[in-house]
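Reviewing the structure listed below.
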Amino acid sequence: MTVSRSTRQRDVISRLLEEAPGPLAVGDIHERARAELPRLGIATVYRTLKLLTEQRRIHPVLLDGETLYEATGKGHHHHFSCTRCGKVFTLHTCPVALPSGTVYPGGFIVEAHEVTLYGQCPTCAEGQGV
Ligand SMILES: [Zn+2]
Ligand SMILES: [Zn+2]
């Protein structure tokens, strides 16, 4: 069976986002994907990300003014941004105790929340970070 080049590009990129420990910047995606697709250009990465987003297989995450991408369907999670190495991780721990349907004074009905945690990742905390 022959797989078209663009299908392969899509599969490689969606799989690496699936396996990443957190959302990735476009430059990181490009670098990692090139391990399998050495001739992959940055324009193709952008085009593939747009397509995968349209297919809802991935979605953009805006963090500190930068657009990162992550695979969809990871459930309720938060992001942990390492202040030393700059890597972003996905944490399935929720620091917010906020039952859905909570109503704040004034009549604000809470439906969702977004929290980004900052600190040191395990590698940096061990003193091995770059
Ligand atoms: Zn770190
Ligand atoms: Zn939460």
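Quantities reported herein were computed from a predicted structural model and do not represent experimental measurements. Whatever order the structure lists ligands and atoms in, that order sets their numbers, starting from 1. One is the number of the first residue; the rest follow in order along the sequence.
- Judged as a side-chain hydrogen bond (donor to acceptor under 3.5 Å, both in side chains), and not counting sequence neighbours, the contacts of Glu54 are Lys50.
- Thr83 meets the side-chain hydrogen bond (donor to acceptor under 3.5 Å, both in side chains) test with no other residue; sequence neighbours excluded.
- Between Arg32 and Glu19 no salt bridge is recorded (no basic side-chain N to carboxylate O distance below 4.0 Å).
- For residues 95-118, the set of pairs meeting the ring pair (Phe, Tyr, Trp, His ring centres under 6.0 Å) definition, not counting sequence neighbours, comprises His76-His113, His78-His113.
- Annotation: angle subtended at the Zn ion (ligand 1) by Cys82 SG and Cys121 SG is 110°, to 10°.
- Protein atoms of type N/O/S that fall under 2.8 Å from the Zn ion (ligand 2) number 4 in this view.
- Formation of a donor-acceptor pair under 3.5 Å by the Thr90 side chain with backbone atoms of His79 is not found in this model.
- Counting heavy atoms from C-beta outward, Leu16 and Leu24 have side chains that approach closer than 4.5 Å.
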